[in-house]
2 protein chains.
Amino acid sequence: MSSPRRITLKELAAQLGVSTASVSNAFNRPDQLSPALRERVLKEARRLGYRGPDAKARSLRTGRSRIIAVVLAETLTYSLKDAVASELLSGIAEVLDAHGHTLLLLSGRQNASQAPGSSSIADGFIVYGLMASMALVDELQSAGHKPIVAVDFDLGDHPAIHVDDEPACYAIAQHALQTPASRIGIVNLRLTDTPCNGPITDAHALLPTGQTITRSRLAGFHRALTEREVALEDVAMWNIEENTYEVCAPVLAEILDLPASKRPDLLLCMSDRIALTAVTLAEQRGIRIPEDLRITGFDGIEEGQYRSPRLTTVQQDSTEKGRLAARMILGLEPASPRLLTTRLIQGETCP
Amino acid sequence: MSSPRRITLKELAAQLGVSTASVSNAFNRPDQLSPALRERVLKEARRLGYRGPDAKARSLRTGRSRIIAVVLAETLTYSLKDAVASELLSGIAEVLDAHGHTLLLLSGRQNASQAPGSSSIADGFIVYGLMASMALVDELQSAGHKPIVAVDFDLGDHPAIHVDDEPACYAIAQHALQTPASRIGIVNLRLTDTPCNGPITDAHALLPTGQTITRSRLAGFHRALTEREVALEDVAMWNIEENTYEVCAPVLAEILDLPASKRPDLLLCMSDRIALTAVTLAEQRGIRIPEDLRITGFDGIEEGQYRSPRLTTVQQDSTEKGRLAARMILGLEPASPRLLTTRLIQGETCP
DNA sequence: CTGTTAGCGCGTTCAG
DNA sequence: CTGAACGCGCTAACAG
């Protein structure tokens with residue numbers, strides 16, 4: 001069998017009869033030694049199975065690891081299944097890859113067993129979404145001068161990347177209200193102070209304005225409704241805690257199973273997942289879209305467009321959001337707050 | 001402003017007038033020092049903003065990082081958008097999280113600029129899918145004695161996790177063939193030796209048997225067809241290189257735009273993504289499912305089930321596959337080859 | 001229970 | 001262009 005242990009730079013230098021510095025330079029600074037020696041070093045390295053400087057030692061020495069961590073507000077298990085988060089990660093990965101960095105995934109909801117400080121290995125942090133617990137993020141902030149970029153929420157005075165949630169929702173609601181609706185419903189996402197999957201009543205407190213993007217989305221809806229002189233108290237409100245079919249389905253079933261005279265004929269949904277669940281459940285019940293029920297979404301995920309009926313929604317470019325965050329964290333882009341625009345997609349669920 | 005640099009264990013020890021070992025033990029081995037001293041250390045640490053041992057130095061010293069890397073055959077950008085890969089990652093993340101480990105994402109197709117050896121930071125590797133280039137994987141294999149688990153392909157004599165592709169495809173084809181079909185088509189995924197998006201002709205060489213799971217899937221189809229005495233040369237074959245709507249759509253459009261007399265009335269697809277694209281394009285063309293065209297998929301992704309018509313497909317539990325791989329890499333499960341079973345889902349696209 | 005010591009593997013001086 | 005020396009921050013082993 002081959003040697004059980006990886007050969008070390010020092011050993012390679014000894015083998016070659018040169019100094020460790022030369023071996024190091026052969027890998028890191030070609031201009032610091034003669035091409036001939038460099039070639040000899042690299043050749044001998046290949047021969048002995050030396051794969052270049054050890055990442056752990058190197059990062060201890062240089063202070064950098066070429067690892068960027070993404071801290072997700074939700075669990076990794078959830079985030080990886082969520083189309084919007086996946087697209088964001090996809091955009092991040094694209095840029096990191098192109099610049100020789102790798103991607104470490106962390107969750108703000110990590111199991112308590114997590115070793116604290118384990119995150120200190122990363123060179124920078126992209127923090128996505130409002131954390132239930134700020135413990136990890138607080139740690140990052142006070143842990144030194146590593147760059148931090150926030151996405152979809154504000155974090156101290158770190159640069160934040162936002163989407164124009166309020167105008168986007170104003171625009172889509174305005175579009176929807178061009179056709180008169182008798183009963184309007186809004187299906188919110190994580191809007192209440194305490195967990196709630198079902199109707200929002202007066203008893204519920206909402207999360208504070210400015211804290212969460214869904215509050216901005218609601219503001220956009222409200223502005224359009226008010227402009228059309230729809231009384232907000234006539235608009236039924238529901239809340240959903242998690243953007244998955246399993247969690248959405250019971251709430252939407254409850255809505256769609258209302259007697260036809262009380263069932264909304266326009267549903268403004270805060271995510272495409274919610275809207276798509278509504279479409280599926282409506283189809284199962286023989287409720288016609290858009291004749292009996294018009295539905296709008298938010299996000300513009302592929303699943304909503306590559307189907308029939310296509311979802312009427314607002315498209316945010318999550319991939320580009322990710323690319324931008326990655327470029328910022330790598331210093332390829334000025335670290336200043338950014339607001340991305342969205343695009344109204346007029347599909348068939350709300351013509 | 002606060003101190004620009006993180007305080008160090010040694011400095012904290014000096015400040016307290018105790019040895020560095022005691023400080024280290026206060027964080028890592030509570031049983032190795034008196035509760036009183038431990039409390040004093042932790043308190044002073046908090047006061048000075050010391051967040052615990054530095055991950056980089058710690059991992060150099062201990063040789064472990066609590067980081068597990070997943071090496072993906074495709075680009076990260078693609079994999080993160082793919083439902084099957086995302087589910088796998090989701091399962092992996094679930095187990096790693098629960099055991100205080102974190103997840104590093106690498107791609108076998110990484111940009112060339114990637115620092116070699118950067119992967120040596122991880123404690124173990126889950127390698128997913130047949131790599132176009134084995135460069136990275138070769139590096140891992142020779143780089144020491146880190147555990148490696150392969151998923152959906154075989155890698156040296158490392159333990160591999162497989163799904164029963166052949167029997168699964170046999171079962172679904174058998175099911176489909178219970179209803180007579182006039183013209184059968186198979187839409188393959190990454191099956192040809194050289195890239196091809198379109199019909200597979202005699203000029204194409206297929207990837208070698210045993211190398212790729214899609215070859216096993218084809219074998220399952222063939223077994224069922226032969227059993228039903230369908231001549232394989234009467235079965236039209238197409239190939240698709242990437243499991244995305246954008247790549248699938250042109251190929252399927254070509255198929256569905258054939259004159260009705262030549263268009264298949266049964267499409268056996270090697271992935272749900274392919275099948276769903278077929279459904280969408282068929283709907284756009286007014287081709288009735290399943291009356292004019294029956295379609296089967298493979299994977300059992302949620303998108304195929306939470307819609308109408310529901311996809312007839314084979315469900316593999318990618319999440320469980322991920323959990324298993326993670327448990328193996330953490331040594332919570334014997335490191336031996338495993339074969340996971342699948343389940344036939346009879347949806348409406350091929351009753 | 002506490003302190004001392006010796007590296008983990010490497011990158012970077014600085015003098016030659 | 002090269003070689004020697006130092007230390008990045010920490011932990012394991014041992015000595016007291």
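What you see is a predicted model, and the numbers here were worked out from it, not measured in a lab. FYI, side chains are in, hydrogens and waters are out, and symmetry mates aren't considered; it's all heavy atoms of this structure. Chain naming here is simple, since letters A, B, ... match the order of the sequence lines and numbering starts at 1 in each.
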Identify the two heavy atoms, one from A:Gln211 and one from A:Phe153, that lie closest to each other, and give their separation to 0.1 Å.
O-CB, 4.3 Å

Which heavy atom of A:Ile92 sits nearest a heavy atom of A:Leu103, and at what distance?
CG2-CD1, 4.1 Å

With the sugar-phosphate defined as primed atoms, P, OP1 and OP2, and the base as all remaining atoms, what B/S/- string results for nucleotides 10-16 of chain C, 5' to 3', for protein heavy atoms under 4.0 Å?
BBB----

Expressed in angstrom and rounded to an integer, what is the separation of [X] atom [atom1] from [N] atom [atom2]?
X: A:Lys56; N: D:dC8; atom1: NZ; atom2: C1'; value: 16 Å
X: B:Leu12; N: D:dG9; atom1: CG; atom2: C1'; value: 13 Å
X: B:Leu33; N: D:dT11; atom1: CG; atom2: C1'; value: 14 Å
X: A:Arg40; N: D:dC1; atom1: CZ; atom2: C1'; value: 14 Å
X: A:Leu16; N: D:dT2; atom1: CG; atom2: P; value: 12 Å

Any chance you could measure A:Leu88, atom CG, to A:Asp152, atom CG, to the nearest 0.5 Å?
7.5 Å

If you measure from CD1 on A:Ile121 to CZ on A:Arg64, what distance do you get to the nearest 0.5 Å?
14.0 Å

Side-chain H-bond candidate by donor/acceptor type, B:Asp123 with B:His101, under 3.5 Å:
no

Give a yes-or-no answer on whether the side chains of A:Arg58 and A:Asn28 include a donor-acceptor pair shorter than 3.5 Å.
yes

Under 4.0 angstrom, heavy atoms only, what part of the nucleic acid is B:Leu60 near: base, sugar-phosphate, or nothing?
base

